[in-house]
Amino acid sequence: MSQDPGSSRGAPLGTGRPLALLSCALAWLLPGAGHFFLGRRTRGMAFLGIVVTTYLIGLGLDGRAYLADREHPLTALATFANVGIGPLDVLQRRATYDRLVWQLPAGPAREPLLAAMRTRVRSQNSDYGTAFLLTAGLMNLLLILDAYDVAVGRKATLEEQPE
Amino acid sequence: MTSHFGLMAIFSLLVSAFFALLSRDVPRESWRVFWVMSASMILASLLVAFVMLPFPLG
């Protein structure tokens, strides 16, 4: 998170760890809410628009949510990226698997989930949609880290410049 | 929308807008980052597609 040296203005918030954690939690619950809470309202609204638009385009393109699979450890990272979007993650899991599931189980319960995933992947735009969904989750993870930086004063300004 | 180029352009614009807002505080600099980044992503994608043209699809 680089900060433009010429853009420092106003006093750093220096609000301490509890408020930083609260802003991180808000940022996870709703993209941009952490920045909104910390006084960067215009920026927070813009982040909300960008991340949610990316997410909705991903859903509209039949993107699929990943499931953590012990046989393929890297799927845990993709699942983490999906979960980064916050409670909205529920929508993509419902759309893909018609239930709330984050891990691919062993045994007979595995096959219906794989079948649901295959059905979703058959869609022409599914790969694009999946990329949009992953990107939306990763964007929100970056927003959480940025909200933390703002809250502890590493990147804080009280005022936003007029847009 | 099923156009590969259209989807790629939308993706580039969204990602560029995100990083422009995240990395710059001054609006003028944000706009500059947005245009440079989105143009770079789109042009780089077209260049890679052109380079891959001789390779078989299958």
Side-chain angles (χ1 to χ4, degrees), chain A residues 1-10 31-32 35 40 42-58 60-63 123-136 138-147 149-150 155-163, chain B:
Chain A
M1 316 288 162
S2 66
Q3 183 181 8
D4 182 11
S7 69
S8 181
R9 58 191 186 283
H35 288 76
R40 299 185 148 209
T42 309
R43 203 161 288 256
M45 296 297 285
F47 282 135
L48 175 68
I50 291 169
V51 174
V52 171
T53 300
T54 306
Y55 180 79
L56 292 178
I57 290 174
L61 292 173
D62 294 333
S123 168
Q124 185 181 2
N125 292 318
S126 180
D127 285 344
Y128 290 108
T130 303
F132 273 86
L133 290 178
L134 286 171
T135 303
L138 291 171
M139 281 178 179
N140 203 36
L141 289 173
L142 282 176
L143 285 183
I144 293 170
L145 295 175
D146 194 59
D149 279 348
V150 172
K155 190 186 174 182
T157 53
L158 284 174
E159 305 161 2
E160 292 208 63
Q161 287 201 347
E163 309 270 333
Chain B
M1 156 98 56
T2 56
S3 157
H4 297 262
F5 179 79
L7 290 173
M8 185 268 289
I10 291 170
F11 183 85
S12 302
L13 293 174
L14 286 167
V15 170
S16 301
F18 176 81
F19 280 105
L21 279 173
L22 192 69
S23 63
R24 294 289 183 271
D25 285 336
V26 180
R28 183 186 291 180
E29 292 184 11
S30 293
W31 279 109
R32 193 178 65 83
V33 169
F34 170 73
W35 290 118
V36 169
M37 189 180 280
S38 52
S40 302
M41 289 175 75
I42 291 172
L43 291 176
S45 303
L46 290 175
L47 183 66
V48 170
F50 182 74
V51 169
M52 289 169 63
L53 203 56
F55 294 97
L57 289 174

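Sequence lines set the chain letters: A, B, ... in the order given, protein chains first and strands last, and positions in each chain run from 1.
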With sequence neighbours left out, the residues meeting side-chain contact (heavy atoms from CB on, under 4.5 Å) with B/S40 are B/V36
Taken to the nearest 0.5 Å, the spacing of B/M8 CE from A/Y128 OH works out to 8.5 Å
Between B/R24 and A/R43 the two heavy atoms that sit nearest each other are O-NH1, 2.9 Å
Worksheet item: Are A/R40 and B/D25 side-chain neighbours, meaning at least one heavy-atom pair lies under 4.5 Å?
Response: yes
In short, B/L14 meets A/F132 closest at the heavy-atom pair CD1-CE2, 4.1 Å
### Message
Would you say that A/L143 contacts B/L22 through its side chain, given a criterion of any heavy-atom pair below 4.5 Å between the two side chains?
### Response
yes
CZ (B/F18) and OG1 (A/T53) are apart, to the nearest 0.5 Å, by 13.0 Å
Cut-off 4.5 Å, heavy atoms of chain B, and the answer for A/T135 is side chain
